[in-house]
Each structure stands twice: as C-alpha cells, then as structure tokens.
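Residue numbers begin at 1 in each chain, while the letters A, B, ... track the order of the sequences. Side chains included, hydrogens not; waters and symmetry mates left out as well; all remaining heavy atoms used. Everything quoted here is computed from the prediction, not taken from an experiment.
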Amino acid sequence: MSKKLLLANDHIPGINTLEVYRQHGGYKALEKALKSMKPDDIVEEVKKSGLRGRGGAGFPTGMKWSFLAKPEGVPRYLVCNADESEPGTFKDRYLMERIPHLLIEGMIVSSYALGANTSYIYVRGEYFYIIKILQKAIKEAYAAGLLGKNILGSGYDLDLYVQPGGGAYICGEETALLESLEGKRGNPRIKPPFPAVAGLWGCPTVVNNVETIAAVVPIVNISGDEYAKIGIGKSTGTKLISASGHINKPGVYEIELGVPVEEFIYSDEYCGGIRNGKKLKAVVAGGSSVPILPTELILKTAKGEPRLMSYESLGDGGFATGTMLGSGGFIVMDEDTSVVKNLFTFARFYHHESCGQCSPCREGTGWMEKILQKFIDGKATMSDIDLLWDVQSKIEGKTICPLGEAAAWPVAAAIRHFRHEFEEYVNRPESIHDVKHYFRLNNIEEA
Amino acid sequence: MTTTEIQFSQEAQQKVQEILNQYPKEKSKSALLPLLHLAQAEFDGWLSVPVMDYVASILKIQPIEVYEVASFYTMFNLQPVGKYLIEVCQTSSCWMCGAEDIVRYLEQKLGVPTGEISADGMFQVKTVECLGSCGTAPMFQIGDQYYENLTFEKIDAILEELKQENKRSRYC
Amino acid sequence: MAKVTIDDITIEVPDGTTILQAARMIDEQHGTNIAPPTMCYYSKLKTTGGYCRTCIVSVTQGSEKDPRPMPKPVASCRTTVMDGMVVRNNTSPELLEARAGVVEFLLINHPLDCPVCDQAGECHLQDLGYENGKEATRYEFPRREFEPIDIGDKIKLHMNRCILCYRCVKTCEQITDGRVHGVINRGDHAEISTYIEKAIDNDFSGNVIDVCPVGALTDRTFRFKSRVWFTNPVDAHRDCPTCSGKVRLWMKGKDVLRVTARKDRWGEVEEFICNTCRFDKKDVTDWRIEGPSKISHHSVISQNHNELRQVQLGVRKQLQQWDGHKYGLGEGALDPNNQ
Ligand SMILES: Cc1cc2nc3c(=O)[nH]c(=O)nc-3n(C[C@H](O)[C@H](O)[C@H](O)COP(=O)(O)O)c2cc1C
Ligand code: SF4
Ligand code: SF4
Ligand code: FES
Ligand code: FES
C-alpha cells in the first residue's frame, strides 16, 4: 500500500460530517497552527515540504505564498480554485464530496498563514450538489467555532464562502476565475500585475487548487520535512490521479509520486489493467491539455528507463518524447481507440471554451476543430495534416493565457506520434468506422 | 412580462440577502453569478431579458453588464428549456465510453433531435463538455444530479421516474 | 529611465514606458518605421491592448540585469521596457512569420467585402493584410455571418467585420456614461451587443466609429456612398460648446460627406468629438476650413496615385473571390475607372 495523506479515511462512513472527521484526527492541524505556529511558520513548512501546485502548472506553493504582497491596511484574499473542468480530471470533486472538511480545514490554515480574513472557494457551477455539501460543512464549522470570529480562542477571524461558477472552463485560469468572482465575464487578465499583487478587487490574492490547499493539512500535521521525504526528488508528497478511459478500475487514486506508470496502469491497487484484455494504445497523462503518448513512450522514457508518475519523469524528453503530470487527469486508450477522433473531442472542447479575447485562440481553435472534422468525415487531404500542424504552431505562444497552448499541444502531440493514423484516414476514409468508440455500451449489449 | 411584474419569491429574496452578505459592500456585482443561478431556478429554468433586467436592478448595474455575463457562461439558458434538461457529456472519456450512443438513444426515445424540446415539453437533450465525471462515463446531468455509468436500461428507468415526478428540475 | 534597443536602434525612455510606445518614439525621432502594427491598443483610452496580438515582438534580451530572452513573443503594447532590453520586430523573420499567423487568424472570418465597405482605404486590417498577410487564404470553411444592424439612427454595426478589439467597448465605458454597449457571447461567437438594439444616445457615442479599426462601426449619416480615396479630407473647426470642435471634413466638391475626428500618424483620434459636430453639421458653412489634412502614413489615401492603383488592384484581386451580387451590385460596379 502506498502512503495516503488525503484519502486515508475517504471510505469511513460519515467522514463528510464534522463529528466523524474530528474523530479521525480532523482539525488537529488547525489547532496546531493556531496554538503553536505563527503565520510565517506555516509558510516555512509549506516551503520545506516542496509542495507544488496541484492545479496543473506545478508551481511551488511555498514560493507562491511568499510572493504575496502585504501592504498596510489592504485586505488579502485566499481563493480556492475548484473550477475543475479539464477533461479527464475529477479528483477535486471526489475530495470535496467525500471529505469536505479536509478542504475547509486547509482553507482555514492557509488563510491564517497568508493573513486573509475572507476567503472563497470558487466551485464550477455544474458541481452544484458539491456546493451544497461544502455549504453544509461550512455551517458546521461556524457552529463549532472553527470559522467566524476568534477561531478556537486564537483571536484570528475568518469568513469562508462558496462561490458558484457559471459553466466555463476558462474560469479555471486564475485571473479569469477572479474576474468571474467579481461578477464579470471570465476573461483572463493581461499580466502583469499578478494576483499576488493585484488580485480579487485589486487586492493581493493567492489562488490555489483544492488539492494543494488540502495538502497543507498533512504538511502542518507531519511537518514539511516529513512531507518532503514522501515522493521522489522534487516531486514530493502524494498526488490525486483521476483515472478514466478503457481501464478496469476507473476512479480517483492517491499515489505517492514516483509510482511507475506501468504499475499504475496494470496493478490491481490502481487501474487494474486494460479492460477486456485489450492492449494499451495511448495515454493522456495529465488532463486533456498535455501531450498524448503512445504505449512505448508512456511506459518507458526515450532513454528506455521506466516512466514514473512524477513531474520530472513524465516531462522527461520534453515534448518530443515526453508529456506532463498536469492536473493528474489520466486518460487511457485501448488499441481500438481512434486518436484522431479523441483529438477531435478535445479540439471541439477548446473551441467551445475559448473566451474569445485574443485572436489566435478565438479563431484558431475553431479552425482546428473544423479541419479535424474533415478527417472524421473522410474528406481530409494530406495537406490538411500540415495545415493543422501549422495552425497549432501559430496559436502556441501567441495568446494571452495558456488556453491557447492547451489547445495547441494535444494537436501537435497527436500529429507527432500518430501521424500514420491521420494518413490512414486520408488514404482510407472508411477506416474511421473500423474503430469501436462505444466500448462499454457495446459490452453491456453483448452481455 | 415587464420588469415590474418580475419578482423573486420571499424565500429567494432572503437568499439574495445572504448572497450579498458574502462580499464587501461596494463589491455587490460579485453576486451576479449566484443571482443568475437563482433567477434561472425561480423563473422556469431560463433567463429572459426582463429577468436579466430585474437582476440588474437588484445589483444596481447596467443591463448590458448582465447580458455580457449571462451569455458568456454555458449554464445560463437564454431560451426556454424543457422541464428536464438532460446534459450529456460528449468529451474524450465519455466519448470513449459511448456518449454518442447515449445521445442517439435519447434522441430516439424522446423523438426529437438534440437541442429541441420534446413534444410534451418535458425533456430536452443538450450535449455539453466534460462535467468531471470521466471515471464514471458515460454520464449526463439533470439539474444538480449526476447520472453516471449509464446504460440504456438505466436511462429508461431515469426517464420513467422523472415523468412520474413531473417537476421542473432545479439545482439551486 | 531605461535604455531599450528595438531593431538595433537604442532609445532612453522613462520607466513604465511600453515597448510599443518606445518604438513609436523612435519612429517619431528618427523617421524610421519600426513601430509594430496595432489593432486593439489605443493610447487615448485606458486598459486597451493585449487582445489582437498583432503588435507582438520578440524580446531577445530581457534586461541588463537578467539578459535571458523571453520564451514567447510578447504584446508590445502591454509589456513595459526594462533597462537594457533588446527587442526585435522587423529584423526577426520568425517574428514576422508569427505576426503573419496572427493576421491570418484575424482574416479567416473577415468577410471579403472590402469593395463595398465604408472603411476601405482607411482600414487598418486592410493595410495589415497587405503588409503582413499571406497571398491567399487557407481557410476553406464558411465565415461567420451576422446581419448588419442599426445602433440607433446614426451608427451601423457590421458585426461580420468586427475583430473584437474592444476599443468601442472601452470608449463607451470611458467617455460616455450609462454603458449600453458591450460584448456578449463567448469565443468565436462573441459579438458586440446586438442583444438590445438600443440607441447609444450620448453626446460622445459617435466616437466608436473613429476608434473602430475596421469597418464594423460606420456612420449612417455618411452621405453619397463613396470610396474614401475619392474624397478630400480637410481640417476644419467650429465653436462647439460640447467638444473642441476640431474635426476633419471629408469633402467631395463642396459637399461635406462626413465628419470625423482628426487622426494622428498612428491612426488614433487626436481629440474625441461630439455627436453634434459629427452627425449634424454637414454644411460647409458650419465650419471654418483650415486646409487639407495631413494623412497618416498608414492610410492608402495618403499614397500617390500609382500606389492607389496598386491598392485598387489588390481590392480587385479580392473581388475575384467575392460575390458582388450578394450586395446588389452589378458587374463592374467596383471598377475604379467607373467611378
Ligand atoms: C485554461 C486553464 C484552466 C485551468 N483550470 C484549472 C482548474 O480547473 N483548477 C485548477 O486548480 N487550476 C486550473 N488552472 C491553473 C490555474 O490557473 C492556477 O495555476 C492554479 O489554480 C494555481 O493553483 P495551484 O498552484 O495550487 O496549482 C487552469 C489554467 C488554465 C490556463
Ligand atoms: S488564449 Fe483563449 S482563452 Fe486565453 S485569453 Fe486568449 S482567447 Fe481567451
Ligand atoms: S466593432 Fe470595431 S471597435 Fe468595436 S470591437 Fe469590433 S472591431 Fe473593435
Ligand atoms: S469526459 Fe465526460 S465527464 Fe469528463
Ligand atoms: S495592439 Fe497590442 S495586442 Fe493588439
């Protein structure tokens, strides 16, 4: 069994209630923090832990916290990013649904560390039932004196609110999220200034992912140094992986960073292998935005070393032969899957989600979807492959926010590693029908 | 409908107050998204121009500021919708696990193409992007309820149950 | 102060200056032509820029202190200079290629209706296309289409032509009160508020026409449809109680076809003018004429006759792809020799 810091108790009945959560050691970190630690001590522990943002970019959390501007007389805010909309990612939902108090405890400890007296959890609107779970838990916390004025007699005050989104992936981008929280369109801001200087309502703000904030709880409990011993190299601690696609056991797994990819896919502790005894074709390892890798490159690096579930190992080889850990959305495709069609669903997604502010992304995402539609319709030509490549390269790096890249990278990677499949659709348009896309349903019908 | 006829229920007005209390006084525009969700729930599942104007008047902002926002986010319906809006995820993992079959099955069963309201006004299918339920694909959402690991049999049962219930789905 | 080098020319500028401003200063001082093109930035308005991405430049040295190059091109209108920064614009082939990509994106959904567009001849997108664009379009799909709509009785919106630069929105936000004008919908469905066809009835609303870099917002009171290059721009003024009254009249013979603000060499208005001057003073006797306008280097109307022919030929080339009948025009209607 690998080490579990976040989901150790996720199957205990009633763990979503304050009472049971406390029976299992809940709010110990908060007590410790408020009673025996100064805010900067916590920042220090987080720095020592080596914790990296779990929202996708992997930026060191302690460093991010230390950038927070602290002008006199200006409020500071902590905003939790629970917008979770990257295809393939559903870990934050699981955590909030099962153990809402873990996030709330993390929010209180982190807010205390940052000197925030008002904090928000911005949850994607489609998760309305989660919002209700969080609101209920927050109510419990207020009633128990864990939120509000003078928390646990420490003199520290915090108000915590849940804010619903309205259905827009782009609001996961932290400045778009802040715009949305201000009641505006979710258009990413042009940076600088960064949120650490001018965030919510122009005040210094930290935005962190749900899992990042939850991880602060075990860090405070066991100390940053102990946390840093878990994991591998600069990938410290544990990570929630959302596993989906053609595997026997889809779901959310907490792994110690450094588990071999092969073990993650095939061991019964995790995904349990490919469904129906099929062969593995490809994996999108970190949510829809990261490059897809074919079997030989996801199991082993180009150098022939086993690929591990860590920031460094997944990134090994750069984009030529590697990928990224991203948000931990692990999408597995079996041998019957059409990489082109899957890419089309990604392209449609990014086209749908582009905010439309900057021209390369606004126009380019739609263009890529339309070209890919031609492959699906059997109308593509060889030059469409080159055109598609050129369009993605013209988007990448020219946009306001990383959504442009997020849309371009999957296209580039699919062409890089599966060009033959694009060519096959040009040469034999009917081959798109050879592919079984409707895996599970077909099974059920056969059964 | 004119703006003056549109008014939140007593209960909803209380909620409005609670929502407004979540932000500093001069930042009440932040309440816009929560209020639009509430308005949509209160007024038949969609936002008409008078309803949006009503929300603008509560927050003392220009109506265009509400239109700009309401039209940006996919959850806000700017046209009337069926009593039960069935939102089927069509992205990667769901597609791999049969989302297209789900859509076709629903279309057949309800007798209307995606996007249209069924003849009895009960159902409307809409394809949406990833709802964070990829590990339990295929799936759809109705109101705030997730229906996961769908099969045709499950869909039959869900639709039957909703027909019995016959109450507009609301999520907040 | 910060020293910055753009396309091998060095200039010292106050801290906080953007790369674009520095480049414009160089052009003003040296008579060079290194300032990147802009479609959304507008120095007379706050918080503009950053959207269109045509002004991108490549920063090959971040600063004296930290000489690392910036990994991606940056929007020069939104990036401030650092002491010792080195920037490449026209001298970087990769950058020009990247810009050509941006221009292509701006054009893929743009209608090929320059021949009937009021803005033709003074359209920044047209200029940009000629200077930075590709020969032929690689976009084979149907373009976005919207019906033109009237925003009140003075302004027409051709949403087809809009490039979503946000200038008109910022204009309404910053120089008129009670904004009724905005962007609705998302992504490539975004459009300027057609949701309410409410008139923008504010003394300064007409300025959206002048700030629009393309022919999306046009003057409904523009009399006698005429290509701009057949009109004669003259500077004129009047005593106006609302604005400075300093305008540009677009004349044909003795007729005032339309009134606009005066624009500087960057194509930006010098001073915003009021709606009375713009829409209601169409008699030459309303004005005191100062003399022929100096027209910016950008605009095709400033160019000599030969170049003008080139432009018309270019327009003609576009015409080959364009269906004039859709606009109710007969064959040859757009032949410049026909005018
Ligand atoms: C298009 C886009 C979507 C994003 N979506 C999310 C998201 O859903 N959840 C999230 O935590 N971070 C998301 N991010 C990353 C955030 O911008 C930000 O980096 C993150 O919330 C920081 O938190 P962390 O440091 O704890 O990871 C997204 C970024 C981009 C560019
Ligand atoms: S890259 Fe796309 S999503 Fe990001 S600001 Fe530009 S248009 Fe919006
Ligand atoms: S109408 Fe003109 S000024 Fe307004 S956004 Fe479109 S292009 Fe820009
Ligand atoms: S792909 Fe359907 S819920 Fe994520
Ligand atoms: S002018 Fe700089 S991005 Fe448009």
query: Does A:K136 NZ have over 12 foreign heavy atoms under 6.0 Å away?
result: no

message: With a 4.5 angstrom heavy-atom cut-off, is it the side chain or the backbone of B:Q141 that approaches chain A, or both, or neither?
response: side chain

message: A cation-pi test, strictly: NZ or CZ of A:R124 under 6.0 Å from the centre of the six-membered ring of A:Y127 and no more than 45 degrees from its axis. Yes or no?
response: yes

field: Salt bridge A:K91-A:E211, side-chain N to carboxylate O under 4.0 Å
entry: yes

query: Between A:G251, A:S244, A:G125, A:S288, which has the largest tally of heavy atom pairs under 4.5 Å with chain B?
result: A:S244

message: Taking the basic N atoms (NZ, or NE/NH1/NH2) and the acidic carboxylate oxygens, is any pair closer than 4.0 Å for B:K29 and B:E65?
response: yes

task: For each of B:A70, B:S133, B:A31, tally heavy-atom pairs with chain A at distances under 4.5 Å, and name the one with the top tally.
output: B:S133

message: So which residue, B:E87, B:E129, B:Q145, ends up with the most heavy-atom pairs under 4.5 Å with chain A?
response: B:E129

- prompt: With only heavy atoms counted, which part of A:D159 is less than 4.5 Å from chain B, the side chain, the backbone, both or neither?
  reply: neither

A:H352 ring center within less than 6.0 Å of A:Y169 ring center: no

field: Under 4.5 Å from a heavy atom of chain B, the part of A:Y129 involved
entry: both

Close approach to chain A in residues 14-26 of chain B, criterion heavy atom under 4.5 Å: B:N21, B:Q22, B:Y23, B:P24

query: Just checking, A:R185 and B:Y73: is the charged tip under 6.0 Å from the six-membered ring centre and within 45° of the axis?
result: no

message: Strictly less than 4.5 Å between heavy atoms, which residues of residues 164-172 of chain B line up against chain A? Please order them by number.
response: B:Y171, B:C172

query: Between A:Y161 and A:Q135, does any side-chain donor sit less than 3.5 Å from a side-chain acceptor?
result: no

- prompt: Is it the backbone or the side chain of A:I170 that comes under 4.5 Å from a heavy atom of chain B, or both, or neither?
  reply: side chain

- request: Please flag which part of A:E84 lies under 4.5 Å from any non-hydrogen atom of chain B: side chain, backbone, both or neither.
  value: neither

- prompt: Quick one: of B:S28, B:S30, B:P34, B:C130, who has the most non-hydrogen atom pairs under 4.5 Å with chain A?
  reply: B:S30

task: Sort out for me which of A:A243, A:G356, A:S180 touches chain B most, counting heavy-atom pairs under 4.5 Å.
output: A:S180

field: Segment of A:V252 engaging chain B (4.5 angstrom heavy-atom cut-off)
entry: neither

message: If the threshold is 4.0 Å, N to carboxylate O, is there a salt bridge linking B:D120 and B:K163?
response: no

A:E86 side chain vs A:T89 backbone, donor-acceptor pair below 3.5 Å: no

task: Quick one: sort the A:Y253 and A:F264 rings into parallel, tilted or perpendicular, breaks at 30° and 60°.
output: perpendicular

message: Taking A:I247's backbone N and O only, do any of them form a donor-acceptor pair with A:K278's side chain (distance below 3.5 Å, no angle check)?
response: no

Ion pair A:R275/A:D334, N-O distance below 4.0 Å: no

message: Which label fits A:W201 and A:Y120: parallel for a plane angle under 30°, tilted from 30 to 60°, or perpendicular past 60°?
response: perpendicular

query: For A:K139, does the NZ atom have more than 12 heavy-atom neighbours from other residues, nucleotides or ligands under 6.0 Å away?
result: no

query: Between A:S242, A:G165, A:G329, which has the largest tally of heavy atom pairs under 4.5 Å with chain B?
result: A:G165

Pair A:E353 + A:R348, salt bridge at N-O below 4.0 Å: no

Side chain / backbone / both / neither for A:K249 at chain B, heavy atoms under 4.5 Å: neither

- prompt: About how many Å separate CG of B:L36 and CE of B:M75, when rounded to the nearest 0.5 Å?
  reply: 11.0 Å

task: State yes or no: are the ring centers of B:Y54 and B:F8 separated by less than 6.0 Å?
output: yes

query: chain B heavy atoms under 4.5 Å from A:C355: which part of the residue, side chain, backbone, both or neither?
result: both

query: Does any heavy atom of chain B fall under 4.5 Å from the side chain of A:V332, the backbone, both, or neither of them?
result: backbone

message: With a 4.5 angstrom heavy-atom cut-off, is it the side chain or the backbone of A:Y77 that approaches chain B, or both, or neither?
response: side chain

